[in-house]
Visitor: 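Handing you a structure now.
Order of the sequence lines fixes the chain letters, A, B, ..., with proteins taken first and strands second; residue numbering starts at 1 for each chain.
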Amino acid sequence: MQIYNTLSGKKEEFIPLHDQKVGMYACGVTVYDLCHMGHARSLIVFDVIYRYLLYKGYEVTYVRNFTDVDDKIIKRAQEKKISWKELADTFIHEFYVDMDRLQLKRPTVEPRATDYIKQIIELVKKLEANGLAYEVDGDVFYRLKEFPSYGKLSGKKIDDLLSGARIEIDDRKESPLDFALWKKSKPGEPAWESPWGQGRPGWHIECSAMSQEILGETFDIHGGGKDLVFPHHENEIAQSEGATGKPFVRYWMHNGFVNINKEKMSKSLGNFFTIRDILQKYHPETLRLFILSSHYRSPIDFSWDTMDAAGTGLTRLYQAAERLQVAVESTAALPAESAQSSLPPLSKELEAVKTSFIKAMDDDFNSALAVGQLFEAAKFINRYLDIHPLQSLNHNDLEAAFLLFKELADILGILEADPTEFLKNLGGEEALPITKEEIQELIARRNQARKEKQWTTADEIRDRLAELGIILKDSPNGTQWQRKR
RNA sequence: GGCGCCAUCGCCAAGUGGUAAGGCAGAGGUCUGCAAAACCUCCAUCCCCGGUUCGAAUCCGGGUGGCGCCUCCA
């Protein structure tokens, strides 16, 4: 398996530090607001990476943190006149609501910064002892000039950073690039007792402290959005390696941005959609498919047209899944001799698809290629079921094929719903304007009319259902219905 | 100013030396009482110029256009 490592700038063979065990840390969110599409992408991308590593048989410890104390939280809490703690708790709750709807697997550990104050203080003390930190009036800063390899992740040189610096000069710092490890608390702000007085952690230090505590001094994968490369991850390296003298992370992974009209979606630009905005209009798996249809490192331009296309594509996959599932069920009761069917097995075709799928994912998690393979599988399924009459099908083969199809989709976290149920709820969560019983009733009446060749009556009923957003599909096995897209 | 990324069919998007995956949309056909879905067929030579090579979308050089980071940000 190959992984693109930001540190080296190229794909490298993935070899975990400890045999089959993988330690993985993904930067989570700062809980002061609802998550937007940019967060969704990062979360979904790392969810799939997690799923795939598990699929490959690795024993993965996946850590994703909550930053529950920082400037933005304090500010927002003051605006809302509630405590910072209350604000953080609220948005952690909201975060889970979104994540569950997006079908994200829960990480192994989800630490909160404020639960690791002790470890953070210990880490800062260690850096101080190593001459890499200094206190000024209750604040503690990192002494960058003592960490010469600074910039190796983002490809920046300290001198260039100094000359192009756009940061405000704080003349208490020895160098403009020195960053805060520990901040003195102002009255009313969250505060913990420390050797430097009442204070709170700087932003970068929590990830160093928590990752080290949970995953050890050196671990395999650390990821996040591209915007975290500098300064966040660069600073983490300085902190962790400065404290331990050991390599911090072996594979650095960063996902590209979500853009709107080619511009980065971000809080500061205000051009963002929250996950909820999107989920109001689309099924969560449509969002997953949209995101996974591009390579994780490329920028992805958000548009409603592309979302619509993803939705149509997802429906196509579900249509194939439903057909196959129905075929599996219909063949269960067939006489035993049909199990001796000499047809070329469908499952064999899907095995070939699986091989390509795995190859794609092995190549730096190329989910876009993998998605293509899923559509390839759908085509095989449909064609097979088109060509061969039901009586000639082999139940065990179909079942194996169905499981294979689901197995691959599961790596991407899609096709998790029952196909028939999914197709009935295509439009989303809005209530149907008619009960399911009434639909069945109308279908029965229409089929009676069809039997009697009362085409006008039959078509009237179908048109009436169409107006209510219900599409009918006639087949030898009966009439299925689903929502209009 | 420094560092870096990208440019593939109407739209989205794989492909990093061997002759352009897949999805959406579109055209024709099959199936169907008519439909829906599905299947079959068709639909690009890869921003421009130059170079390397038997051979380049893929490598090198130069343009043009777009974007990102250097400040909080997934």
Visitor: Name every residue in residues 449-462 of chain A that has at least one heavy atom under 4.0 Å from any atom of RNA chain B, in order of residue number, or write none if there are no such residues.
Guide: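 By residue number: A:Arg450, A:Trp455, A:Asp459, A:Arg462.
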Visitor: Whole angstrom is fine here: how far is it from NZ in A:Lys226 over to P in B:rC3?
Guide: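 Atom NZ in A:Lys226 sits about 19 Å away from atom P in B:rC3.
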Visitor: Between A:Phe422 and A:His283, is the ring centroid distance below 6.0 Å?
Guide: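 Centroid separation for A:Phe422 and A:His283: below 6.0 Å.
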Visitor: Among the nucleotides B:rA13, B:rC70, B:rA38, which one has an atom lying closest to any side-chain atom of A:Ser294?
Guide: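 So the nucleotide nearest the side chain must be B:rA13.
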Visitor: Give a yes or no on whether a donor-acceptor pair under 3.5 Å exists between the nucleobase atoms of B:rC34, that is its base, and the side chain of A:Asp474.
Guide: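 Such a pair exists between side chain and base.
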Visitor: Go through the steps to decide whether A:Glu407 and A:Lys354 satisfy the test salt bridge (Lys or Arg N to Asp or Glu O under 4.0 Å), and finish with yes or no.
Guide: CA-CA 9 Å; A:Glu407 173 183 322; A:Lys354 174 176 165 178; 3.1 Å; yes
Visitor: Would you classify A:Leu228 as touching base, sugar-phosphate or nothing, given that sugar-phosphate means primed atoms plus P, OP1 and OP2, and contacts are heavy atoms under 4.0 Å?
Guide: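 Counting heavy atoms under 4.0 Å across all strands, the contact made by A:Leu228 is with sugar-phosphate only.
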Visitor: Could you state the CG-P distance from A:Leu269 to B:rA74, rounded to the nearest angstrom?
Guide: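 It works out to 13 Å between those atoms.
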Visitor: Measure CG/A:Leu289 against C1'/B:rC12 and give the value in whole Å, please.
Guide: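 Spelled out: CG on A:Leu289 to C1' on B:rC12 is 11 Å.
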Visitor: Please lay out, stage by stage, how A:Ser475 and A:Gln480 fare under the test side-chain hydrogen bond (donor to acceptor under 3.5 Å, both in side chains).
Guide: CA-CA 8 Å; A:Ser475 82; A:Gln480 298 272 343; over 6 Å; no
Visitor: Which of these passes salt bridge (charged side-chain N to carboxylate O under 4.0 Å, His left out) with A:Arg200: A:Asp70, A:Asp68, A:Asp71, A:Asp139?
Guide: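 Exactly one candidate clears the test, A:Asp71.
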Visitor: Hey, is the side chain of A:Arg383 poking within less than 4.0 Å of OP1 or OP2 on B:rC40, counting only N and O atoms?
Guide: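 Yes.
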Visitor: Return the value, rounded to whole Å, for the distance between atom CE of A:Met307 and atom C1' of B:rA25.
Guide: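 Value for this atom pair: 18 Å.
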Visitor: Could you pull out every donor-acceptor pair under 3.5 Å between side chains of residues 3-11 of chain A and any protein atom, sequence neighbours left out?
Guide:
from	atom 1	to	atom 2	distance (Å)
A:Tyr4	OH	A:Gly9	O	3.4
A:Asn5	OD1	A:Leu7	N	3.0
A:Asn5	OD1	A:Trp252	N	3.0
A:Asn5	ND2	A:Glu12	OE1	3.4
A:Asn5	ND2	A:Glu12	OE2	3.4
A:Asn5	ND2	A:Arg250	O	2.8
A:Thr6	OG1	A:Trp252	O	3.1
A:Thr6	OG1	A:His254	ND1	2.7
A:Ser8	OG	A:Asn5	O	3.4
A:Ser8	OG	A:Lys10	N	3.4
A:Ser8	OG	A:Lys10	O	3.4
A:Ser8	OG	A:Glu12	OE2	2.5
A:Lys11	NZ	A:Asp363	OD1	2.9

Visitor: For the side chain of A:Lys72, starting at C-beta, report the closest nucleotide among B:rA74, B:rA38, B:rC72.
Guide: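 Selected nucleotide: B:rC72.
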Visitor: Of the listed nucleotides (B:rG2, B:rC24, B:rA37), which one gets closest to any side-chain atom of A:Ala309?
Guide: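 Between B:rG2, B:rC24, B:rA37, the one nearest the side chain of A:Ala309 would be B:rC24.
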Visitor: Do A:Lys267 and A:Tyr32 meet the cation-pi criteria used here (NZ or CZ under 6.0 Å from the six-membered ring centre, within 45° of the axis)?
Guide: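 Yes, A:Lys267 lies over the aromatic ring of A:Tyr32.
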Visitor: At what distance, to the nearest 0.5 angstrom, does OH of A:Tyr116 lie from CG of A:Asn65?
Guide: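 Here the rounded value is 10.0 Å.
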Visitor: Which part of the nucleic acid, if any, lies within contact of A:Phe257, taking any heavy atom under 4.0 Å across all strands shown: a base, the sugar-phosphate backbone alone, or nothing?
Guide: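 If one applies the 4.0 Å heavy-atom cut-off, A:Phe257 turns out to touch a base.
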Visitor: Return the set of residues passing salt bridge (charged side-chain N to carboxylate O under 4.0 Å, His left out) with A:Asp277 (not counting sequence neighbours), or none when no residue passes.
Guide: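 With neighbours one apart ignored, the set is empty.
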Visitor: Return the polar atom pairs (N/O with N/O) between nucleotides 15-22 of chain B and the protein under 3.5 Å, or none.
Guide:
from	atom 1	to	atom 2	distance (Å)
B:rG15	OP1	A:Asn366	ND2	2.8

Visitor: Can you measure A:Lys156 atom NZ to B:rG68 atom P for me and round it to whole angstrom units?
Guide: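 My rounded result for the distance is 14 Å.
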Visitor: Take the angle between the ring planes of A:Tyr296 and A:Phe365 and call it parallel below 30°, perpendicular above 60°, tilted in between.
Guide: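 If you compare the ring of A:Tyr296 with that of A:Phe365, the planes turn out perpendicular.
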Visitor: A:Thr312 side chain: which of B:rA74, B:rA25, B:rA38 is closest?
Guide: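 Closest nucleotide among those given: B:rA25.
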Visitor: Tell me what A:Thr306 touches on the nucleic acid: a base, only sugar-phosphate, or nothing, going by heavy atoms under 4.0 Å.
Guide: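 If one applies the 4.0 Å heavy-atom cut-off, A:Thr306 turns out to touch the sugar-phosphate alone, with no base involved.
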Visitor: Does B:rA14 have its OP1 or OP2 closer than 4.0 Å to a side-chain nitrogen or oxygen of A:Ser298?
Guide: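 So the side chain of A:Ser298 is within the cut-off, an N or O lying under 4.0 Å from OP1 or OP2 of B:rA14.
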Visitor: Decide if the gap between the ring center of A:His204 and the ring center of A:Tyr142 is smaller than 6.0 angstrom.
Guide: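 No.
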Visitor: How far, in whole Å, is B:rU58 from B:rC46 if one measures between their P atoms?
Guide: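 That atom pair is separated by 9 Å.
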Visitor: Write down the distance between CG (A:Asp305) and P (B:rA25), rounded to a whole number of angstrom.
Guide: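 Those two atoms, CG and P, are 11 Å apart.
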Visitor: Going by the rule salt bridge (charged side-chain N to carboxylate O under 4.0 Å, His left out), which residues pair with A:Glu79 if we only count those two or more places apart in sequence or in a different chain?
Guide: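 Per chain and number, A:Glu79 pairs via salt bridge (charged side-chain N to carboxylate O under 4.0 Å, His left out) with A:Lys75, A:Arg76.
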Visitor: For RNA chain B, find the residues of residues 32-43 of chain A with a heavy-atom distance under 4.0 Å and give them by number; none if there aren't any.
Guide: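 The stretch gives A:His36, A:Gly38, A:His39, A:Ser42 as the residues lying under 4.0 Å from the strand, ordered by number.
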Visitor: What is the distance from NZ of A:Lys264 to C1' of B:rC70, rounded to the nearest Å?
Guide: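 That distance rounds to 12 Å.
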Visitor: Within the 4.0 Å heavy-atom criterion, would you say A:Gly256 contacts the bases, only the backbone, or no part of the nucleic acid?
Guide: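 It contacts base atoms.
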Visitor: For nucleotides B:rC59 and B:rU16, find the distance between their C1' atoms and express it as a whole number of Å.
Guide: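 Their C1' atoms lie roughly 9 Å apart.
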Visitor: Select base, sugar-phosphate, or nothing to describe what A:Arg446 touches, counting heavy atoms under 4.0 Å on all strands.
Guide: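 The residue A:Arg446 makes base contact.
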Visitor: Measure up the A:Phe302 and A:Phe273 rings against each other and bin them: parallel (under 30°), tilted (30 to 60°), perpendicular (over 60°).
Guide: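 Tilted, since the angle between the ring planes falls between 30° and 60°.
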Visitor: Which whole-number value in Å describes the distance from A:Leu385 CG to B:rC40 C1'?
Guide: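 Atom CG in A:Leu385 sits about 17 Å away from atom C1' in B:rC40.
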Visitor: First locate atom CG of A:Leu287, then atom CG of A:Leu314, and finally report the distance between them rounded to the nearest 0.5 Å.
Guide: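 Rounded to the nearest 0.5 Å, the CG-CG separation comes to 11.0 Å.
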Visitor: Does a side-chain N or O from A:Lys262 land closer than 4.0 Å to OP1 or OP2 of B:rC6, or not?
Guide: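 Negative; the distance criterion is not met.
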